[in-house]
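Structure first, then comments.
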Amino acid sequence: MTTTVATPDNTLATIQAALPIDPQPYIIGDRPAGLIVVDVINGFCTVGFGPLAPQEPNEQIAAMISQSDRLARTFVERGWPVLAFLDTHEPGKPEPPYPPHCEKGTGEEELVPELKWLHDHPLVTLIPKDCINGFIGSIEVNTQRNVLLNWINEYKLEVLVVVGICTDICVMDFVVTILSVRNHGLVPTLKDVAVYEKGCATFDLTAEMVAEQGLPKTAIHPQKVSHHIGLYKMAERGAFIASTIEL
């Protein structure tokens, strides 16, 4: 009898077959469009920069940074707006189930070097957020004003292009929420939410790494599988999964 040994590639192929996605080119054309950049910051992207950052160079994360920078520069060159979420937490304020991360003053909450230029550009809006979901993080606690909603409605955007990290956590939570917001009529002009596959990334945490760190089994997080599942869930909710973004 032949025994098939499961490998990461076999597992990914099985999941891709069971939960297929079909990325296609997304054409913006002459419609008003905005770019959303989710948490491309040191604490999630720069090697060794905190407990949730990669511990060694990571190809998927590096590609995400490069594509996010390329798209952001293309958008502002066209005079189109960009909004960037920055995961930012008050020191000592927990965000279960995660360890303390991206606390103010640590540098983890700052944009990666490649995207530092976003700070000074007039077409860029930066929103520090203290939670996974960027829509929730856009609500000002004192006034209940939602900066993100105002941004979309001010520019009368018909298209949102989304990039960032993590595909299956902060990116996914934002995308599925903004799709419900659109369907609920809070952003009357918004038609499409396009997630650029190559502009997204997530992290890798093997079973061995989880055991070494004394974490629960639910912390196991294979990068390629988690990335695919995040894309699938967003597509399932109505997002367009884009292989390329064409202007």
Side-chain angles (χ1 to χ4, degrees), residues 21-40 64 67-87 115 118 121-129 131-141 143-200 230-247:
I21 59 173
D22 185 24
Q24 297 288 325
Y26 184 82
I27 302 172
I28 295 175
D30 59 359
R31 294 173 295 166
L35 178 67
I36 303 285
V37 180
V38 181
D39 292 342
V40 187
M64 177 273 297
Q67 292 296 323
S68 297
D69 178 54
R70 180 186 64 80
L71 265 185
R73 291 182 185 277
T74 299
F75 267 63
V76 299
E77 286 169 5
R78 296 241 173 174
W80 295 347
V82 174
L83 185 146
F85 291 120
L86 312 176
D87 201 63
L115 292 177
L118 293 177
H121 201 284
L123 281 172
V124 177
T125 299
L126 302 179
I127 300 182
K129 66 179 181 66
C131 58
I132 290 172
N133 192 318
F135 181 84
I136 302 300
S138 296
I139 300 172
E140 295 179 342
V141 175
T143 66
Q144 299 298 295
R145 171 177 173 264
N146 190 299
V147 179
L148 170 72
L149 281 184
N150 290 349
W151 179 79
I152 295 172
N153 290 327
E154 176 186 349
Y155 284 104
K156 296 181 171 57
L157 300 177
E158 294 184 20
V159 175
L160 290 181
V161 175
V162 183
V163 296
I165 192 168
C166 293
T167 316
D168 56 315
I169 305 175
C170 290
V171 174
M172 184 181 74
D173 279 26
F174 168 72
V175 167
V176 298
T177 301
I178 202 63
L179 288 166
S180 289
V181 168
R182 177 201 64 184
N183 295 346
H184 193 53
L186 295 178
V187 280
T189 60
L190 185 61
K191 301 295 189 295
D192 293 347
V193 178
V195 179
Y196 179 36
E197 191 272 335
K198 295 182 182 67
C200 293
L231 295 171
Y232 176 83
K233 297 303 293 184
M234 288 186 280
E236 182 186 42
R237 304 291 182 88
F240 187 100
I241 307 303
S243 58
T244 59
I245 302 294
E246 300 182 7
L247 309 179

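Given the structure is predicted, the values throughout are model-derived calculations rather than measurements.
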- Note on the structure: From the list Val171, Val193, Asp173, side-chain contact (heavy atoms from CB on, under 4.5 Å) with Met234 holds only for Val171
- Residue that, paired with Val40, satisfies side-chain contact (heavy atoms from CB on, under 4.5 Å) out of Leu115, Asp69, Leu86: Leu115
- When you look at NZ of Lys191, are more than 12 heavy atoms from neighbouring residues, nucleotides or ligands closer to it than 6.0 Å? yes
- Asp87 side chain to Asp39 main-chain N or O, any donor-acceptor pair under 3.5 Å? no
- Check whether any side-chain N or O of Arg73 sits under 3.5 Å from a backbone N or O of Arg70 as a donor-acceptor pair, and report yes or no. no
- Task: Report yes or no: does Lys129 contribute a side-chain atom to a donor-acceptor pair with the main-chain N or O of Ile132 at less than 3.5 Å?
- Result: yes
- Task: Identify the two heavy atoms, one from Phe135 and one from Phe174, that lie closest to each other, and give their separation to 0.1 Å.
- Result: N-CD1, 3.9 Å
- Are any of the side-chain heavy atoms of Leu247 and Arg78 separated by less than 4.5 Å? yes
- Please report the closest heavy-atom contact between Ser243 and Lys198, naming both atoms and the distance. O-NZ, 3.2 Å
- Item | Backbone N/O of Ala194 and side chain of Asp192: donor-acceptor pair under 3.5 Å | no
- Side-chain donor/acceptor of His121 to backbone N/O of Leu123, under 3.5 Å: yes
- Message: Side chains of Val124 and Val37, heavy atoms from C-beta outward: is any pair under 4.5 Å?
- Response: no
- Message: If you compare all heavy atoms of Val82 against all heavy atoms of Ala72, which two are closest, and at what distance to 0.1 Å?
- Response: CG2-O, 4.2 Å
- Qualifying residues under ring pair (Phe, Tyr, Trp, His ring centres under 6.0 Å), relative to Phe75, sequence neighbours excluded: Trp80
- Note on the structure: In terms of heavy-atom contacts, Trp151 and Leu160 come closest through CZ3-CD2, 3.8 Å
